[in-house]
Student: 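Below is a structure I'd like to ask you about.
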Amino acid sequence: MANFTLKVNGKTQQLEVDPTTPVLWVLRDHLKLVGTKYGCGIAQCGACTVHLNDNAVRSCQLPISAVGEQEITTIEGLSENGDHPVQKAWIEEDVYQCGYCQAGQIMNASAFLKKNPNPTDAEIETAMNGNICRCGTYTRIKKAIKKAASTENA
Amino acid sequence: MTLIKTTYNRRSFLKSSALAGGGMMLSFSWLASCKPSPEQIKSLPKEWFDINGFLKIADNGLVTIMSPNPEIGQNIKTAMPMIVAEELDTAWEDVIVEQAPLNTDIFTRQLAGGSQSIRQGWESLRMAGATARHMLIAAAAEAWQVPAEEITTDAGVLSHKASDKSAGYGEMASAAANIPIPEEVALKDINDFKIIGTDRKNVDGPKIVSGKPLFGLDIHEEGMLIAMIVHPPAFGMTYKSMDAETVKSMPGIKDVFPIEVYPEEVEKQWSDGGGIPQLVAIVGETTWQCMQAKKALAVEWEETSKPESSAYHEEALTKLLNTTPQAPAREDGDVKKAFKNAAKVIERTYSAPFLAHNTMEPMNFFANVTSDKAELKGPIQTPEFLEKTLASRLDMPLEKIDIMMTRMGGGFGRRLYGHFGVEAAVISQKMQAPIKLVYTREDDMTQGTYRPAYKVRYKAGLDENGKLIAWHVRGAGANDDLVFENRFPAGAVDNYLAEKHRLDSNVTTGAWRAPRSNFIAGAEQSFLDEVAELAEKDPIEFRLELFERAIANPVGDPEKNDYDPERYAGVLKLVKEKSGWNSGSNDNSMRGVSAYFCHNSYVAQVLDIEMEANTPTVKKVWCAVDCGIVINPLSGRNQIEGGIIDGIGHATYSQMTFKDGKPEQENFDKYQLIRQQQAPKEIETFYVDNGINPTGLGEPSLPPIMGALANALYKATGRRHYSQPYATDKQVVG
Ligand code: FES
Ligand code: FES
């Protein structure tokens, strides 16, 4: 057990936890931020994607001890009212089916668009290839990312 | 205008009552069909009179339906209010769906499987909406002292033009509760629909994109502990012993103990499926602590039956295909003679592996079992069956057991089998504490309940004009029959023989999105493509000729055939037109076609491939669907696209194999699922507009796409595929 100070969604939080605990479980079990999902635990599905500073990372593979000063943003903190351009585009395109993978998809897409605001189809496909959607919403995810890119650049 | 009866033999499908705080409640029978067919009238099942649905109109005009159907991603939570709003003539934004807690006295059928939710709710929801509207009008007529026929409704407002009176539904709701239920009400003409048939976005969208706790895995309750299970590493093994002492002292770990999920005296339901009778439970404070303990725990297992490997399944299924079953499932004409007289004969064998469901949200359940009651919550498709098993397992009367359903992170049939709910209850009972049982991905993938492995052999005979004169299908599956003997081309071929075998396997199996169809459609449609080629005919024309035959002069008793050949041919013609099949601009060089009927719906697809850096890439899929009236075309398209992507993915990449009974794929590093780069670049869906009552949409687009893909791959690469997954299929001739 060790003490950590974490910056999550703009708030500083203190907690005592086993240093090997992945950020995924710190978020879900300790901070009760359950928007970040567990899908595989081995960096294969992307359901647990969060932002570490501005980078999309797999929180299931990120021990809390490795976070340090870096800021964590989860789906709950992506925007105040669920109105980040990517979230809005997701609603516009009615992307989701079961919805379980979508927090991870949105977090990955939003980090990607920040780095590449004008992506080609192929770039979107490569960037999103690590996020599995078992319901098969891939074509809609791509459309929504394109929509978000065009509105952000408008 | 269709008039429907709300009573039968003086018994009513509906009941009304006043709401305590003002407003009305109309209770109805979820199962009641307002237009029973003649044979149903002879014996209306008693369940049709069991009140099991509720429609409430509050005094503020807000309408609530209590839905007995859980949401698994097929968006019924949006479709149901659309149906009610339509007949009630209220704004659909004013209708909300609440997930009803399970009470078997009230809800007799809570099952979201087989694309049936909407099919069952369609007529009863329409009847309830139309009746409530009628009663509101009658209440207004009484209050205003005007003839009811002069009152109109629109978007939740009653108006009487001549006297210039109007009132919201909410204002009249309490009075309407006292209006006698009419024996007959008028349903809207389908041409007057304003809401049904329009695109409506998923009502849960804003919650999904902002990460609200919606799923079973998101449950958190005061004092709740986390539980995990350890199950046998291989099929054919069971728990023997363990040394849990060191693990028990690991940080956060509360207890480690073996559990008897299903002792012999327990009365099991079909929905207990492949639940494993004996497991080890680990209970701790957090998920991560339990995961660590799980890794550290050494359990000894012992063999109970012979462990099976994939090579064994392959061999045993082949052996069955080489054996004539005792009796055919269906036989028309004289198949033996027809093959003898045929000018050309072709025979091919197709196979597919076991598949895991791999819902994105792994199995989980919350349970709080105390001495006098059991409270459970989680993602399940069959709560009423779980409740029965629990009553037997916990030795508790049904009324003491409460089950709440959460949104499900995918179903695909997996959550029909609620053994995880029983496990959670047993662990909670032992701990005397609320627990949330969580399966790791590995637990979820290796538990079993798989789509069975299948093998099927087809043989077709053509006469000298390339006409199909003989058809023989013989199929086998692990713990499952495979062949639907009364589906196409039964009825379209003079000499037809269907046979089936079942292989007993200790690998547990269960329903997986579009059971059996999910393999046999692809096999049959691949084979037909090869038969058409042998007949030197265009694959669409070849199929249409067969449908013509089934329409004009069906073989055998046409009542026996499951399908309607006109609707089947209809989707093929539609996809032919929309895809520009054979239109000159495209020489069909890299496209495949397929058509299939299942879950009461008809689907035809054309799939285009392009070679990119020597790799076949699915460029576009055209999909024609006849599922009757489409309630919400937007979410319908979403499900159709999902089925297509799912079908392409599983046919191409996925498999579950075994070595000595042990699943060889345990997580997504080895078990491949389709990903963004492999998904089709474009999917276009077309609905047949025929005003027929709605049928399934969640499943029917998946089965045929496997055939369209195989047929397009053949055009692109010159290779036919006989074994799934196609990506690793090395076989050249089946
Ligand atoms: S849960 Fe982290 S990548 Fe799957
Ligand atoms: S929407 Fe269900 S897994 Fe993506």
Side-chain angles (χ1 to χ4, degrees), chain A residues 1 17-18 20-22 25-26 28-30 32-42 44-45 47 74-76 78-79 81-82 84 86-88 90-92 94-103 106 121 124-142, chain B residues 71-75 199 201-202 204-206 208-215 217-218 220 226 251-252 285-289 291-292 358-362 407-412 438 440-441 634-635 638-639 641-646 649 667-669 673-677 679-683:
Chain A
M1 289 294 198
V17 62
D18 167 1
T20 66
T21 310
W25 298 113
V26 171
R28 291 187 56 88
D29 282 355
H30 298 265
K32 311 287 181 275
L33 289 170
V34 294
T36 306
K37 298 299 190 227
Y38 165 69
C40 68
I42 59 162
Q44 288 292 321
C45 76
T74 71
I75 186 77
E76 291 94 339
L78 184 62
S79 64
N81 305 306
H84 183 280
V86 172
Q87 288 168 312
K88 285 207 296 210
W90 244 247
I91 290 177
E92 263 315 292
D94 208 42
V95 169
Y96 21 70
Q97 284 186 37
C98 81
Y100 192 80
C101 72
Q102 301 295 348
I106 290 170
D121 278 26
I124 297 175
E125 285 164 25
T126 311
M128 299 303 294
N129 211 43
N131 287 71
I132 295 175
C133 174
R134 176 66 183 82
C135 298
T137 63
Y138 295 124
T139 45
R140 282 164 186 253
I141 288 170
K142 204 156 79 180
Chain B
E71 181 68 78
I72 51 173
Q74 80 283 63
N75 212 0
D199 285 351
K201 292 192 174 120
N202 189 321
D204 276 340
I208 293 170
V209 302
S210 53
K212 295 281 175 309
L214 294 169
F215 301 93
L217 209 62
D218 301 342
H220 178 79
I226 301 291
E285 282 165 9
T286 69
T287 317
W288 183 244
Q289 289 166 338
M291 284 178 163
Q292 301 303 101
N358 291 330
T359 58
M360 224 43 219
E361 176 196 24
R407 186 180 185 90
M408 299 179 208
F412 318 110
V438 177
T440 62
R441 172 57 58 195
L634 176 67
S635 78
N638 200 341
Q639 286 180 59
E641 290 164 17
I644 288 170
I645 293 172
D646 192 3
N667 205 326
F668 297 131
D669 50 346
L673 287 174
I674 191 168
R675 290 173 179 272
Q676 180 68 256
Q677 283 179 314
K681 306 294 168 220
E682 194 186 345
I683 300 171

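Per chain, numbering begins at 1; letters A, B, ... match sequence-line order.
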Student: Between B/Ile683, B/Asp199, B/Leu214, B/Thr286, which has the largest tally of heavy atom pairs under 4.5 Å with chain A?
Tutor: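 When all of B/Ile683, B/Asp199, B/Leu214, B/Thr286 are compared, B/Thr286 has the most.
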
Student: Can you name the side-chain contact (heavy atoms from CB on, under 4.5 Å) partners of B/Thr440, sequence neighbours left out?
Tutor: A/Tyr38, B/Met228, B/Met291, B/Lys294, B/Glu442, B/Asp443

Student: Looking at every heavy atom in both A/Arg140 and B/Asn638, which two are closest together, and how far apart are they?
Tutor: NH2-N, 3.4 Å

Student: A/Asp29, A/Val34, A/Asn129, A/Ile75: which one forms the most heavy-atom pairs within less than 4.5 Å of chain B?
Tutor: A/Asn129

Student: Can you tell which of A/Lys88, A/His84, A/Glu76 has the highest number of heavy-atom pairs within less than 4.5 Å of chain B?
Tutor: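 Looking at each option in turn, the highest pair count goes to A/Glu76.
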
Student: Which residues pass the side-chain contact (heavy atoms from CB on, under 4.5 Å) test with A/Thr20, not counting sequence neighbours?
Tutor: A/Asp18, B/Trp288

Student: Tell me the closest heavy-atom pair linking A/Gln102 and B/Ile208, and the distance in Å.
Tutor: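 Reported closest heavy-atom pair: CB-CG2, 4.1 Å.
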
Student: Considering non-hydrogen atoms only, spot the tightest contact between A/Gly39 and B/Arg441 and give its length.
Tutor: O-NE, 2.7 Å

Student: Search all heavy atoms of B/Ser210 against all heavy atoms of A/Gly82 and return the closest pair with its distance.
Tutor: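 Nearest heavy atoms, B/Ser210 then A/Gly82: CB-CA, 4.5 Å.
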
Student: For the atom pair NZ (A/Lys37) and CG (B/Asp218), what is the distance rounded to the nearest 0.5 Å?
Tutor: 3.0 Å

Student: Distance check, rounded to the nearest 0.5 Å: A/Gln97 atom CD versus B/Met408 atom CE?
Tutor: 14.5 Å

Student: Does any backbone or side-chain atom of B/Pro251 lie under 4.5 Å from a heavy atom of chain A? Answer side chain, backbone, both or neither.
Tutor: neither

Student: So which residue, A/Thr137, A/Ile106, A/Thr126, ends up with the most heavy-atom pairs under 4.5 Å with chain B?
Tutor: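 Option with the greatest count: A/Thr126.
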
Student: Would you find a donor on one side and an acceptor on the other, under 3.5 Å apart, between the side chain of A/Tyr100 and the backbone of B/Phe215?
Tutor: no

Student: If you measure from CD1 on A/Ile132 to CD on B/Gln676, what distance do you get to the nearest 0.5 Å?
Tutor: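 Going from the CD1 atom of A/Ile132 to the CD atom of B/Gln676 covers 12.0 Å.
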
Student: Is B/Arg675 salt-bridged to A/Glu125, cutoff N-O under 4.0 Å?
Tutor: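 No.
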
Student: Looking only at heavy atoms and a cut-off of under 4.5 Å, which of B/Asp669, B/Ile226, B/Leu673 has the most pairs with chain A?
Tutor: B/Asp669

Student: Using non-hydrogen atoms only, which part of A/Val86 is less than 4.5 Å away from chain B: side chain, backbone, both, or neither?
Tutor: neither

Student: Quick check: do B/Glu682 and A/Thr139 have side-chain heavy atoms less than 4.5 Å from each other?
Tutor: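 Side chain of B/Glu682 against side chain of A/Thr139, heavy atoms only: no contact under 4.5 Å found.
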
Student: Report yes or no: does A/Arg134 contribute a side-chain atom to a donor-acceptor pair with the main-chain N or O of B/Gly409 at less than 3.5 Å?
Tutor: no

Student: What part of A/Ile91 gets closer than 4.5 Å to chain B, counting heavy atoms only: side chain, backbone, both or neither?
Tutor: both

Student: Give the member of B/Asn358, B/Ile644, B/Thr359 that has the highest number of heavy-atom pairs under 4.5 Å with chain A.
Tutor: B/Asn358

Student: At a heavy-atom separation under 4.5 Å, does B/Gln289 approach chain A through its side chain, its backbone, both, or neither?
Tutor: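 It is the side chain, since no backbone atom gets that close.
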
Student: Is B/Asp646 close to chain A through its backbone or its side chain, or both, or neither, when contacts mean heavy atoms under 4.5 Å?
Tutor: side chain

Student: Based on non-hydrogen pairs under 4.5 Å, which of A/Arg28, A/His30, A/Met128, A/Gln44 is most in contact with chain B?
Tutor: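 So the answer, after comparing A/Arg28, A/His30, A/Met128, A/Gln44, is A/Gln44.
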
Student: Which pair of heavy atoms, one from B/Gly410 and one from A/Cys98, lies closest together, and at what distance?
Tutor: N-CB, 3.2 Å

Student: Could you tell me whether the side chain of A/Asp94 and the main chain of B/Leu634 form a donor-acceptor pair under 3.5 Å?
Tutor: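 No: the side chain of A/Asp94 does not pair with the backbone of B/Leu634.
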
Student: If you measure from SG on A/Cys135 to CE on B/Met360, what distance do you get to the nearest 0.5 Å?
Tutor: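 One gets 9.5 Å once the value is rounded to the nearest 0.5 Å.
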
Student: Sort A/Thr36 into side chain, backbone, both or neither according to what part of it lies under 4.5 angstrom from a heavy atom of chain B.
Tutor: neither

Student: Is it the backbone or the side chain of A/Asp121 that comes under 4.5 Å from a heavy atom of chain B, or both, or neither?
Tutor: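 For A/Asp121, there is no contact with chain B at all, as no heavy atom is under 4.5 Å.
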
Student: Restricting to non-hydrogen atoms, name the atom on B/Gly205 and the atom on A/Tyr96 that form the minimum distance, rounded to 0.1 Å.
Tutor: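 Scanning both residues, the minimum pair turns out to be CA-OH, 3.1 Å.
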
